[in-house]
Undergrad: 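This is the structure I have questions about; it appears just below.
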Amino acid sequence: MNNTSRHCLSLLTNCKTLKTLKQIHASLVKTGHHSDPFFAGKLILHCAVTISDALHYACRFFLHFPKPDVFMYNTLIRGFSESGFPQNSVFTFIDMRRKSMVPPDSFSFAFVLKAAANYGSFIAGIQLHCQALVHGFDTHLFVGTTLISMYGECGSVYFAKKVFEQMLEPNVVAWNAIVTACFRCGDTKGARKLFDMMTFKNSTSSNVMLAGYAKSGEMELARKVFWEMKVKDDVSWSTMIVGFAHNGCFDEAFGYFRELRRLGLRPNEVSLTGVLSGCAQAGAFEFGKIFHGFIEKSGFNWITSVNNALVDMYARCGNVGMARLVFQSMPHKSVVSWTSMIEGLAMYGYAEEAVEVFHEMEGCGIRPDWITFVSLLYACSHAGLIKQGCSYFSRMKDVYDIEPTIEHYGCMVDLYGRAGYLQKAYDFVCQMPISPNVIIWRTLLGACSIHGNVELGEKVKERLSELEPNDSGDNVLLSNIYAVAGKWKDVATLRRSMTDQKIKKSPGWSMIEVDRTMYSFVAGEKSNKTTAEAYEKLKEIILTLRIEGGYVPEVASVLHDVEEEEKEDSVFKHSEKLAVAFGISRLCKGRVIRIVKNLRICRDCHTVMKLISKVYGLKIAVRDRSRFHLFNDGSCSCKDYW
DNA sequence: TTAGGGTTAG
């Protein structure tokens, strides 16, 4: 290789943007390197794999190339697969064999099988398996392992085991692959059996077990394997931390993170995104801030995934301003960063801002993906932007060629339903090209509950009962619809049938962080000291609100047909009221009160929060199951539309 | 070629 060639190669390797890539391409043409498959292959590799928005450039270049070799084909197959177009990988593989008569090598199979695994296509996978048989690659170590992993992803542990059994001398990687496949297909016992049978294990083998147990929610078994491991690498630690966070064990996640630091080990970006995700789910703002400080100090603040997790954490912990600051200071923003910001703003009802961010994103040349549109439509539905919502729904298909998924349809049902166009929402569901799932019907039932439509509510509940007969939430929603309409007989019948079928209402809980401890309150629970303290404070607050704020309890949605006074008593037990009372009693003045709740906030609690914010001059952030409510000076950021 | 992470409608 001469100096010019070496220079071209180094330019290609360091190229980061499509613009410089085009310049390098031009210089390759000048020097005559462009028709050399080696350089052409490298060029495509960088277009397709390294630079996110340059795949189309790679395709154009590839199509005009006179005789692409197997390396070029493999690169394009890999590029399609890694950029989220797995079907195109398969088409390219077929083209390679049929049109160009280029025989595939082991890499071609490995890449294309990974693509088939990515979109979980068992049919494509089995056809590729046949091809591998024809070319004699099925017992090849690399290809065999990818086949096992593909069958695992496609849910066929039977075929995965068959491939494994036919391998002549499976190495530790193949063993790890078959254990992973068992876990993916839910065969936890099979995975354990194979793990115990392994004569040689590497650190990945144990990490596979940790990940498998963590994904099946078996954290105790994961913990056992973890502490039995002689050498724990950073993947082992991050698997545990993330595993705990995903299984709702936030204290454990934070504990393992602390232990990791106590041992003098440096956490990696995966552990950090894991703990941040834990903070986001739990609403642990103070913890989140500590991790942010650590991230700044230890230089993780240039990593996009860590910043994305920070944006999400701040948004979900009630501080969308900080989420914005982190977002603005990010050195590089991916589609996930933009989507997280849109989603964050949408949760607060700041739909106009969310739409603005979306247009800014388009202006930067970032292509939105299907999740971006879910967030954007969510923003519109939660703020009553019906026209815009409809227009983005069609824009998604017409401009970006993104096929709407059940999630997008769900947003549209919510958009119409929440705004009161119940018949339109119902017709929309009936005309959907995808068959509606429980969530779609539940969204519609929720809308019927907001707008008090008994007739449609009953019709929708019937459909829900066919799909999921024993859901407590659905029964409670219908019961509320009856209660608001004053149909106490129907309420009683429904509640009797719930008792008969042993359907229990899931209790409402709220959490609040005080002095870096998370306190949780459950509706009606009076067993401990903190709850007693909260009840005492709440009594005093309610009295103040009655005198100074003119508060009258809204008890319409209380289930039973009982006396008004009893109904009042029942709404005073709501967990978010207890949490806010506890916050007022314990937190120093001037601090924002942040509450996380598992159910939707009720109308009476919403009123109380608004009044507290005015009478006590406090800012309160309540995250309910679906969105944020920021109470300040007597009003809420949701503009009472939720 | 095997293991860990961020955004997903109610």
Side-chain angles (χ1 to χ4, degrees), chain A residues 106-107 109-111 113-114 140-150 152 170-181 183 202-212 214-215 233-243 245-246 268-277 280 303-313 315-316 334-344 346 369-375 377-378 381-382 404-415 417-418 437-447 449 471 473-474 477 599-600 625-627:
Chain A
S106 58
F107 286 99
F109 276 106
F111 293 147
L113 281 167
K114 195 147 197 185
H140 181 281
L141 211 51
F142 282 18
V143 180
T145 308
T146 337
L147 273 169
I148 293 170
S149 156
M150 180 275 294
N171 62 2
V172 65
V173 178
W175 274 93
N176 293 343
I178 187 68
V179 174
T180 311
F183 272 124
N202 61 8
S203 61
T204 302
S205 316
S206 304
N207 289 339
V208 165
M209 293 303 287
L210 298 182
K215 285 211 175 111
D233 59 16
D234 60 344
V235 175
S236 327
W237 282 99
S238 47
T239 308
M240 291 304 284
I241 292 168
V242 171
H246 279 184
N268 62 10
E269 72 268 28
V270 181
S271 319
L272 281 168
T273 49
V275 284
L276 285 173
S277 148
I303 297 177
T304 308
S305 61
V306 173
N307 282 319
N308 292 345
L310 273 175
V311 170
D312 185 52
M313 182 277 290
R316 279 178 207 275
S334 68
V335 61
V336 178
S337 327
W338 290 94
T339 306
S340 304
M341 193 66 248
I342 294 171
E343 162 78 20
D369 65 8
W370 70 279
I371 302 175
T372 317
F373 277 101
V374 172
S375 308
L377 293 174
Y378 172 93
S381 81
H382 281 249
T405 64
I406 192 93
E407 286 85 354
H408 300 110
Y409 287 109
C411 290
M412 293 305 287
V413 174
D414 193 46
L415 183 81
R418 207 179 279 269
N437 60 8
V438 277
I439 299 175
I440 297 278
W441 289 117
R442 207 162 282 153
T443 308
L444 196 51
L445 188 62
S449 161
D471 188 87
D474 299 341
L477 268 179
L599 306 172
R600 299 303 305 270
R625 201 182 54 188
S626 156
R627 60 171 301 155

Undergrad: A:Val242 near the nucleic acid: base, sugar-phosphate alone, or nothing, with a heavy-atom cut-off under 4.0 Å?
TA: sugar-phosphate
Undergrad: For the atom pair CD (A:Glu407) and CD1 (A:Ile440), what is the distance rounded to the nearest 0.5 Å?
TA: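 Between atom CD of A:Glu407 and atom CD1 of A:Ile440 there are 8.5 Å.
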Undergrad: Name the nucleic acid region contacted by A:Leu444, choosing base, sugar-phosphate or nothing; use a 4.0 angstrom heavy-atom cut-off, strictly under.
TA: nothing
Undergrad: Any base atoms under 4.0 Å from A:Arg418, or only sugar-phosphate, or nothing? Heavy atoms, all strands.
TA: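 Sugar-phosphate contact only.
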Undergrad: Return no unless some side-chain N or O of A:Lys215 is found under 4.0 Å from OP1 or OP2 of B:dG4.
TA: yes
Undergrad: Between B:dT7, B:dG10, B:dG4, spot the one nearest the side chain of A:Asp234, thanks.
TA: B:dG4
Undergrad: Which whole-number value in Å describes the distance from A:Ile440 CD1 to B:dA9 P?
TA: 12 Å
Undergrad: From CD1 of A:Ile371 over to P of B:dT7, roughly how many Å is that when rounded to an integer?
TA: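 Rounded to whole Å, this separation is 9 Å.
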Undergrad: So, A:Asn176 versus A:Ser205: side-chain donor-acceptor pair below 3.5 Å or not?
TA: yes
Undergrad: Separation of A:Trp441 atom CH2 from B:dA9 atom P, in whole Å?
TA: 20 Å
Undergrad: Calculate the interatomic distance between A:Ile148 atom CD1 and B:dT1 atom P; express it in whole Å.
TA: 15 Å
Undergrad: Of the nucleotides B:dT1, B:dT2, B:dT7, which has the atom closest to the A:Asn176 side chain?
TA: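 Closest of the options to the side chain of A:Asn176: B:dT2.
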Undergrad: May I ask you to say what A:Ala309 touches in the nucleic acid, namely base, sugar-phosphate or nothing, with a heavy-atom cut-off under 4.0 Å?
TA: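 Nothing, no nucleic acid heavy atom in range.
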Undergrad: Roughly, in whole Å, what's the span from CZ in A:Arg627 to C1' in B:dT8?
TA: 17 Å
Undergrad: Nearest to the side chain of A:Ser626 - B:dG6, B:dG10, B:dA3?
TA: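 Selected nucleotide (nearest to the side chain): B:dG10.
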Undergrad: If you check the A:Asn437 side chain, which of B:dG4, B:dG6, B:dA9 turns out closest?
TA: B:dA9
Undergrad: Is A:Ser149 reaching over with its side chain to a backbone N or O of A:Thr145, donor-acceptor style, under 3.5 angstrom?
TA: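 Not confirmed, A:Ser149 side chain does not pair with A:Thr145 backbone.
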Undergrad: What is the distance, to the nearest angstrom, from the OH atom on A:Tyr409 to the C1' atom on B:dT8?
TA: 17 Å
Undergrad: Kindly point out which of B:dG6, B:dT8, B:dT2 is positioned nearest to the side chain of A:Val173?
TA: B:dT2
Undergrad: If the condition is side-chain hydrogen bond (donor to acceptor under 3.5 Å, both in side chains), which residues does A:Arg442 pass it with, not counting sequence neighbours?
TA: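 side-chain hydrogen bond (donor to acceptor under 3.5 Å, both in side chains) check on A:Arg442 returns A:Glu468, A:Asp474.
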Undergrad: When all nucleic acid strands are considered with a 4.0 Å heavy-atom cut-off, which category describes A:Val336: base, sugar-phosphate, or nothing?
TA: base
Undergrad: Using the side-chain heavy atoms of A:Ser340, tell me which of these nucleotides is nearest: B:dT7, B:dG4, B:dG6.
TA: B:dT7
Undergrad: For the pair made of CG in A:Asp369 and C1' in B:dG6, what is the distance, rounded to whole Å?
TA: 12 Å
Undergrad: Report yes or no: does A:Thr239 contribute a side-chain atom to a donor-acceptor pair with the main-chain N or O of A:Val235 at less than 3.5 Å?
TA: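 Checking the backbone N and O of A:Val235 against the side chain of A:Thr239, a donor-acceptor pair under 3.5 Å is found.
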Undergrad: What nucleic acid atoms does A:Trp370 come within less than 4.0 Å of, heavy atoms only: base, sugar-phosphate, or nothing?
TA: base
Undergrad: Could you tell me how far apart A:Ile406 (CD1) and B:dT8 (P) are, to the nearest whole angstrom?
TA: 18 Å
Undergrad: Which part of the nucleic acid, if any, lies within contact of A:Thr145, taking any heavy atom under 4.0 Å across all strands shown: a base, the sugar-phosphate backbone alone, or nothing?
TA: base
Undergrad: Would you indicate which nucleotide in B:dT2, B:dG10, B:dT1 comes nearest to any side-chain atom of A:Lys114?
TA: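 It is B:dT2.
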Undergrad: Of the candidate nucleotides B:dT2, B:dG6, B:dT1, which contains the atom at the shortest distance from the side chain of A:Thr304?
TA: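 Selected nucleotide (nearest to the side chain): B:dG6.
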Undergrad: Between B:dG10, B:dT7, B:dT2, which one does the side chain of A:Ala177 approach most closely?
TA: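 Of all the options, the side chain of A:Ala177 is nearest to B:dT2.
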Undergrad: Counting any heavy atom closer than 4.0 Å, what does A:Ser334 reach on the DNA or RNA strands: base, sugar-phosphate only, or nothing?
TA: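 Base, at least one base heavy atom under 4.0 Å.
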Undergrad: Nearest of B:dG10, B:dT8, B:dT7 to any side-chain atom of A:Glu407?
TA: B:dT8
Undergrad: Regarding A:Ser375 and A:Thr339, is there a side-chain donor-to-acceptor distance under 3.5 Å anywhere?
TA: no
Undergrad: When the ring planes of A:Phe142 and A:His140 are compared, do they come out parallel, tilted or perpendicular, using 30° and 60° as the limits?
TA: perpendicular
Undergrad: Got a donor-acceptor pair under 3.5 Å from the side chain of A:Ser238 to the base of B:dG4?
TA: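 Present.
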